[in-house]
Peer 1: 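Sharing a structure below in structure tokens format, with a few things to ask.
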Amino acid sequence: MTRILITSAIPYINGIKHLGNLVGSQLPADLYARYNRARGSEVMFICATDEHGTPAELAAAKAGKPVDEFCAEMHEIQADIANRFGLSFDHFGRSSSDQNKKLTQHFAGRLKAEGYIEEVSEKQVYSNADGRFLPDRYIEGTCPNCGYDGARGDQCENCTKQLDPTDLIDPRSAISGSTDLEVRETKHLYLRQSKLKDQLDAWITSKGDWPVLTTSIAKKWLHDGDGLRDRGITRDLNWGVPVKDGDAEWAGMEGKVFYVWFDAPIEYIAATKEWADARGLDDDAWESWWRTDKGAEDVQYVQFMGKDNVPFHTLSFPATIMGSGEPWKLVDYIKSFNYLNYDGGQFSTSKGRGVFMDQALEILPADYWRWWLLSHAPETSDSEFTWENFQSSVNKDLADVLGNFVSRVTKFCNSKFSPAVPEGGTYGEREQALIADLTTKTRAYETHMAAMDVRKSAAELRSIWAAGNEYLQEVAPWSTFKTDPEQAAAQIRLALNLIRVYAVLSAPFIPTASAQMLSGMNTLDMSWPDDLEAALGVLPVGHEFTVPEVLFAKISDDQRTEWAERFSGTRD
RNA sequence: GGCGUUAUAGCUCAGUUGGUUAGAGCGAACGACUCAUAAUCGUUAGGUCGGUGGUUCAAGUCCACCUAACGCCA
């Protein structure tokens with residue numbers, strides 16, 4: 001059996017994600033996971049919250065809570081929203097877990113032993129009042145160039161001149177406002193990625209089947225300017241994974257933590273261990289997914305992410321894996337996405353512009369969003385969300401084409417026969433033609449899904465739905481019924497079975513509606529239609545069903561107008 | 001300022017290694033049907049593929065420059 005390991009870029013703990021974040025990683029990853037499970041593969045689908053770093057500390061301070069408590073609460077909120085969006089993670093972990101601390105320290109120790117860590121001494125501003133070192137952008141003062149009062153340590157946003165923190169006149173902490181600052185000498189660890197440049201380059205080059213978006217970004221970082229640069233992997237913060245050499249202390253690094261981008265991808269592995277630990281399984285259970293010496297050789301590992309995450313997944317994280325000298329699994333395929341824009345501009349977390357995951361679920365069920373987002377996923381270039389487009393897609397595709405098909409078939413059967421699969425008649429030429437058509441379309445759908453061509457998959461699925469309406473329109477059972485009720489029964493029998501087939505095929509996109517369709521058809525049979533003719537006979541003569549409620553309600557013009565207004569600026 | 005991305009029918013987007021009359025869905029017009037969430041099905045009309053020049057027997061598809069929008073960086 002094929003074993004597929006799927007990871008979605010892990011969302012940052014600081015706040016609820018917007019729809020652009022969702023469609024860039026978690027949602028398409030979920031589509032792929034659900035599809036492969038449906039086809040009988042063994043799937044491990046991993047995601048987590050990315051919890052370390054200064055933004056988390058500041059957000060916690062703003063909320064008046066200890067950072068660990070803040071993260072724990074935010075993790076629960078994100079887990080709940082993910083669940084309500086139907087994101088079917090096998091485990092939704094936390095980068096602040098003990099498993100990740102141990103593993104991150106382990107990797108650092110291995111990298112040190114293999115000669116891929118360099119210790120560098122730097123000067124950095126320390127705030128006595130805050131009791132911490134300050135990153136450049138958290139120091140404010142007066143710009144020596146233009147006199148602007150709110151210049152930051154890295155740049156003056158008024159005159160755009162780049163600065164060093166020591167250039168500022170009357171510097172102060174952006175966190176506390178304190179002016180009790182001093183420059184201290186501090187030591188940091190650098191990951192010597194440059195030593196692995198050729199190895200990384202050869203590895204990327206070998207991935208000829210990866211999307212251009214992925215490889216071009218990686219190549220740019222490898223060859224731009226002086227080539228791949230070493231990266232600092234430690235910070236002077238309290239909130240993070242303490243710097244250690246495996247289990248041992250690291251001399252001179254006391255009180256420091258690893259940089260969030262070092263420990264975050266390692267969480268993919270650690271979250272799988274969290275999964276095993278939560279189920280009382282031994283180490284073999286998770287190592288068989290990640291260690292090529294313990295069974296992961298045959299695992300197909302696919303990562304999903306937005307384009308901003310590509311450098312870390314094509315270079316930094318692989319450098320960590322390669323540099324460890326241990327047989328960890330490298331990614332086999334990276335599916336990256338462009339950005340989704342919102343109504344003529346960007347989604348903005350800080351301005352509250354656009355629709356956020358919790359708000360989306362307040363106004364409509366998850367399937368509506370899943371369908372629109374996936375069928376418009378920004379695969380080849382940035383794409384755009386507009387309320388008009390959303391309204392017409394939902395109304396036309398979901399309500400009119402699919403929802404109405406279910407409705408017209410079940411209601412017709414109920415009124416002319418009974419709420420059960422009717423008996424009589426036989427399948428003829430037209431039915432065979434439909435089966436042939438559906439077979440072709442289903443095979444095309446499978447090909448697109450396997451290739452992670454999200455939009456093409458959605459278009460193919462829609463055309464499979466439409467085929468049912470085309471068939472009904474042509475054979476017109478409402479007319480047939482008047483002259484040949486037996487034949488009308490055969491036509492409706494086929495159409496009822498088609499509803500089950502649609503539920504199975506559509507489940508990766510719209511799992512909730514799919515479950516409603518199966519429930520309405522009173523069946524638990526989710527077998528994949530490998531053979532369409534057989535699949536259209538699964539519900540036997542006499543099988544009872546219930547006429548389902550309206551599957552998808554339409555979006556009215558009033559609603560559309562109201563929502564466009566509501567989400568245009570400030571988050572409520 | 002440097003680097004990069006994008007620019008295809010009214011809208012959202014496809015267009016493989018350059019090769020016959022540039023495609024889909026929505027929207028529009030017309031027609032059919034009436035079982036159904038005023039749903040469905042069919043037909044038709046819309047584009048000199050941002051602009052200019054070039055390479056080629058042949059360019060939306062390669063090259064140069066220009067314009068516009070956007071993004072990243074220092």
Side-chain angles (χ1 to χ4, degrees), chain A residues 20 136-137 154-157 160-164 208-209 211-213 216-217 219-221 223-225 229 306-311 336-348 371-373 375-417 444 448 451 453-463 465-482 488 491-492 495-496 499 513 547-556:
Chain A
D136 290 354
R137 52 189 284 231
D154 54 346
Q155 180 181 37
C156 173
E157 59 186 29
T160 74
K161 184 174 173 60
Q162 46 183 309
L163 305 167
D164 277 329
D209 62 330
V212 179
L213 179 66
S216 66
I217 292 174
K219 288 282 184 183
K220 182 174 181 295
W221 281 58
H223 302 296
D224 219 35
R229 282 188 285 187
K307 61 184 173 186
D308 51 329
N309 276 331
V310 169
S336 55
F337 290 84
N338 289 285
Y339 293 140
L340 178 69
N341 289 317
Y342 178 80
D343 208 14
Q346 288 181 298
F347 275 89
S348 169
W371 174 252
W372 189 89
L373 290 168
S375 62
H376 293 77
E379 288 179 294
T380 51
S381 65
D382 291 357
S383 65
E384 174 149 328
F385 175 92
T386 63
W387 285 101
E388 289 77 8
N389 192 301
F390 178 65
Q391 179 192 28
S392 74
S393 291
V394 164
N395 289 357
K396 196 69 188 175
D397 299 348
L398 296 182
D400 294 347
V401 176
L402 177 61
N404 180 55
F405 178 80
V406 173
S407 186
R408 69 195 294 202
V409 170
T410 52
K411 286 186 178 172
F412 180 81
C413 183
N414 189 44
S415 69
K416 303 298 184 191
F417 301 99
H448 290 141
D453 281 333
V454 178
R455 300 174 85 131
K456 285 182 182 172
S457 300
E460 198 66 47
L461 180 58
R462 187 190 185 283
S463 115
W465 295 339
N469 283 318
E470 291 165 22
Y471 168 77
L472 280 188
Q473 199 63 32
E474 200 172 323
V475 300
W478 48 91
S479 300
T480 315
F481 183 78
K482 294 169 187 164
Q491 291 162 350
I492 286 301
L496 286 167
I499 294 174
V547 176
E549 298 296 311
V550 167
L551 266 185
F552 299 99
K554 293 199 187 192
I555 297 170
S556 70

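This one's a predicted model, so the numbers in the text were calculated from it and none came from an experiment. Just so you know, these numbers use all the heavy atoms, side chains as well, and skip hydrogens, waters and symmetry mates. In what follows, every chain begins at residue 1, and chains take the letters A, B, ... in the order their sequences are listed.
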Peer 1: Under 4.0 Å between a side-chain N or O of A/Lys554 and OP1 or OP2 of B/A38?
Peer 2: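 So the side-chain polar atoms of A/Lys554 never come under 4.0 Å of the phosphate oxygens OP1 or OP2 of B/A38.
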
Peer 1: Please determine whether any donor N or O and acceptor N or O are separated by less than 3.5 Å between the side chain of A/Asn404 and the base of B/A39.
Peer 2: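 Such a pair does not exist between side chain and base.
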
Peer 1: Please report whether the ring centroid of A/Trp371 lies less than 6.0 Å from that of A/Phe552.
Peer 2: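 No - the distance between ring centres of A/Phe552 and A/Trp371 does not fall below the 6.0 Å cut-off.
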
Peer 1: Given that A/Lys416 and A/Asp400 both sit by RNA chain B, which one's nearest nucleotide is further toward the 5' end?
Peer 2: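 Residue closer to the 5' terminus by nearest nucleotide: A/Lys416.
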
Peer 1: Does any part of the side chain of A/Phe405, heavy atoms only, come nearer than 4.5 Å to the side chain of A/Leu472, both counted from C-beta?
Peer 2: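 Sidechains of A/Phe405 and A/Leu472: in contact.
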
Peer 1: With a 4.0 Å cutoff (strictly under), does any side-chain N or O of A/Lys396 reach OP1 or OP2 of B/A39?
Peer 2: no

Peer 1: Tell me, which stems hold RNA chain B, with a stem being 3 or more Watson-Crick or G-U pairs in a row and both distances under 3.5 Å?
Peer 2: B:1-7 with B:67-73, B:10-13 with B:23-26, B:28-32 with B:40-44, B:50-54 with B:62-66

Peer 1: Between A/Arg408 and B/U34, is there a contact of a side-chain N or O with OP1 or OP2 at under 4.0 Å?
Peer 2: no

Peer 1: Nearest 0.5 Å please: distance from the CD atom of A/Gln391 over to the NZ atom of A/Lys396.
Peer 2: 12.5 Å

Peer 1: Once you round to the nearest 0.5 Å, how far does CZ of A/Phe412 lie from OG of A/Ser407?
Peer 2: 13.5 Å

Peer 1: Answer with base, sugar-phosphate or nothing: what part of the nucleic acid does A/Leu551 contact at a heavy-atom distance below 4.0 Å?
Peer 2: base

Peer 1: For A/Ala476, give me all partners under side-chain contact (heavy atoms from CB on, under 4.5 Å), at least two apart in sequence or on another chain.
Peer 2: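 Scan of A/Ala476 (side-chain contact (heavy atoms from CB on, under 4.5 Å), adjacent residues dropped) gives A/Trp478, A/Ser479.
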
Peer 1: Report which part of the nucleic acid A/Phe552 touches: base, sugar-phosphate, or nothing (heavy-atom distance under 4.0 Å, all strands).
Peer 2: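 Counting heavy atoms under 4.0 Å across all strands, the contact made by A/Phe552 includes a base.
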
Peer 1: Which part of the nucleic acid, if any, lies within reach of A/Ala399 when heavy atoms closer than 4.0 Å are counted: base, sugar-phosphate only, or nothing?
Peer 2: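 Here A/Ala399 touches the bases of the nucleic acid.
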
Peer 1: Using nucleotides 5-12 of chain B, report all nitrogen or oxygen pairs with the protein that are shorter than 3.5 Å.
Peer 2:
unit_1 : atom_1 : unit_2   : atom_2 : d
B/U12  : O4'    : A/Asn389 : ND2    : 2.9

Peer 1: Decide, for B/G46, between syn and anti: a glycosidic angle within 90° of 0 counts as syn, anything else as anti.
Peer 2: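 Syn conformation here, the glycosidic angle of B/G46 being no more than 90° from 0.
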
Peer 1: Quick test of the criterion, 5.5 Å between centres and less than 30° between planes. Is A/Trp478 stacked on B/C35 or not?
Peer 2: yes

